[in-house]
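Only one structure is covered here, and it is reproduced in the block below.
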Amino acid sequence: MHIYTDGACKGNPGPGGWGVLMLSGNTEKELFGGELGTTNNRMELMAVIQALQALKRPCAVTLHVDSQYVLKGITEWLPGWKRKGWRTAAGQPVKNVELWQQLEKLVAEGGHAIDWRWVRGHNGDAGNERADVLANRGVEQVLGR
């Protein structure tokens, strides 16, 4: 299974959206949604959370993200944040802590073998481009358009 996720925000903070493209063999699934008062980083996290929540059973997933914040957060920073009581290296509270905790739980309890991959955004990767379109559709939906 390949999953592409993206977040979008019109203003930061402002109205935002998240998008997910799920590919498995010949099957495709698209998901999107949004929030009125949010940030790009929150929408990037929500895209991954929504993708993992949509999986019905444990599986091998290659998860493509264009957010270094999400990638480094989940693969590098999370253990240190937890050790420090959800504080950054600078001693500040971790932003979006409730989303990080939700994502951590999904990863830990979902039974998925996740291969986290970074892809450069807006650089012609077809899956990422489609996730971006879906994230922007989420913005439009939340704005009632």
Side-chain angles (χ1 to χ4, degrees), residues 1-24 28-123 125 127-145:
M1 156 107 30
H2 286 268
I3 298 175
Y4 293 84
T5 65
D6 200 14
C9 211
K10 306 303 177 193
N12 201 15
W18 54 266
V20 176
L21 174 64
M22 304 174 87
L23 305 169
S24 180
E28 293 184 1
K29 184 172 185 172
E30 297 179 339
L31 306 169
F32 61 92
E35 298 174 11
L36 278 175
T38 191
T39 65
N40 191 63
N41 282 342
R42 287 186 69 81
M43 292 296 92
E44 295 282 359
L45 280 165
M46 279 301 297
V48 176
I49 289 167
Q50 293 293 330
L52 293 178
Q53 285 178 337
L55 296 173
K56 304 288 188 237
R57 58 182 161 69
C59 56
V61 176
T62 302
L63 213 159
H64 304 265
V65 299
D66 66 3
S67 168
Q68 288 286 335
Y69 173 70
V70 171
L71 183 67
K72 289 187 177 193
I74 198 69
T75 63
E76 297 176 27
W77 304 333
L78 195 85
W81 289 340
K82 287 178 66 177
R83 269 195 314 276
K84 294 179 175 113
W86 292 99
R87 298 223 168 248
T88 66
Q92 299 299 312
V94 172
K95 291 180 181 174
N96 307 310
V97 67
E98 75 286 357
L99 295 180
W100 283 112
Q101 289 170 338
Q102 189 177 0
L103 179 56
E104 177 198 24
K105 184 175 180 176
L106 285 166
V107 169
E109 296 176 3
H112 310 296
I114 303 173
D115 179 11
W116 296 90
R117 301 259 180 105
W118 181 75
V119 59
R120 184 175 302 281
H122 310 288
N123 203 39
D125 181 284
N128 177 258
E129 296 293 341
R130 284 184 59 193
D132 180 65
V133 167
L134 292 166
N136 281 291
R137 193 180 298 170
V139 176
E140 295 301 312
Q141 181 184 56
V142 82
L143 290 173
R145 299 184 194 154

- Query: Would you say the side chain of Pro93 lies within less than 4.5 Å of the side chain of Arg87, judging by non-hydrogen atoms?
  - Reply: yes

Self-check item: Stepwise side chain to side chain contact (heavy atoms under 4.5 Å, CB included) check, Thr75 with Trp118
Solution: CA-CA 11 Å; Thr75 63; Trp118 181 75; over 6 Å; no

Heavy-atom nearest pair, Val70 first then Ser67, reads N-OG, 3.1 Å

Side chains of Gln101 and Lys82: does their closest heavy-atom pair fall under 4.5 Å? no

Interatomic distance, CG@Asn128 vs CG@Asp6, rounded to 0.5 Å, equals 5.5 Å

So, do Leu31 and Trp18 sit near enough that their side-chain heavy atoms are less than 4.5 Å apart? yes

| query | Would you say the side chain of Arg120 lies within less than 4.5 Å of the side chain of Asp125, judging by non-hydrogen atoms? | reply | no

Between the CD atom in Gln102 and the CD atom in Gln50, the distance rounded to the nearest 0.5 Å is 8.0 Å

Self-check item: Side chain to side chain, Leu52 and Ile114, heavy atoms closer than 4.5 Å
Solution: yes

Distance col, row Thr5:OG1 vs Asp66:CG, nearest 0.5 angstrom, shows 7.0 Å

Side-chain ion pair, Lys10 and Glu140, N-O less than 4.0 Å: no

Requested in this report: Can you label the angle between the Trp100 ring and the Tyr69 ring as parallel, tilted or perpendicular, going by 30° and 60°?
Outcome: perpendicular

CD (Gln141) and CG (Leu134) are apart, to the nearest 0.5 Å, by 11.0 Å

Q) Given side chains that start at C-beta, do those of Met43 and Val139 come closer than 4.5 Å, heavy atoms only? A) no

Rounded to the nearest 0.5 Å, the CD atom of Gln53 sits from the CG atom of Leu103 at a distance of 10.0 Å

**Study point:** Criterion side chain to side chain contact (heavy atoms under 4.5 Å, CB included) on Leu99 and Arg42, from CA distance to verdict
**Key:** CA-CA 8 Å; Leu99 295 180; Arg42 287 186 69 81; 3.6 Å; yes

Distance col, row Asp132:CG vs Arg137:CZ, nearest 0.5 angstrom, shows 11.5 Å

Any side-chain heavy atom of Asn41 sitting closer than 4.5 Å to one from Lys95? no

Between Pro58 and Gly111, the two heavy atoms sitting closest are CB-O, 3.3 Å

When every non-hydrogen atom of Glu28 is compared with those of Arg130, the smallest separation belongs to OE1-NH2, 2.8 Å

Residues Thr38, Asn12; criterion side chain to side chain contact (heavy atoms under 4.5 Å, CB included); working and verdict
CA-CA 7 Å; Thr38 191; Asn12 201 15; over 6 Å; no

Here the pair of heavy atoms bringing Met22 nearest to Ala51 is CE-O, 3.6 Å

Applying ring pair (Phe, Tyr, Trp, His ring centres under 6.0 Å) to Trp77 and not counting sequence neighbours gives Trp81

Backbone N or O of Ile3 within a donor-acceptor pair of the His64 side chain at under 3.5 Å?
no

Tightest non-hydrogen contact, residues Ala47 and Gly19, listed as CB-O, 3.6 Å

- Query: Is the closest side-chain heavy-atom distance between Tyr4 and Leu23 below 4.5 Å?
  - Reply: yes

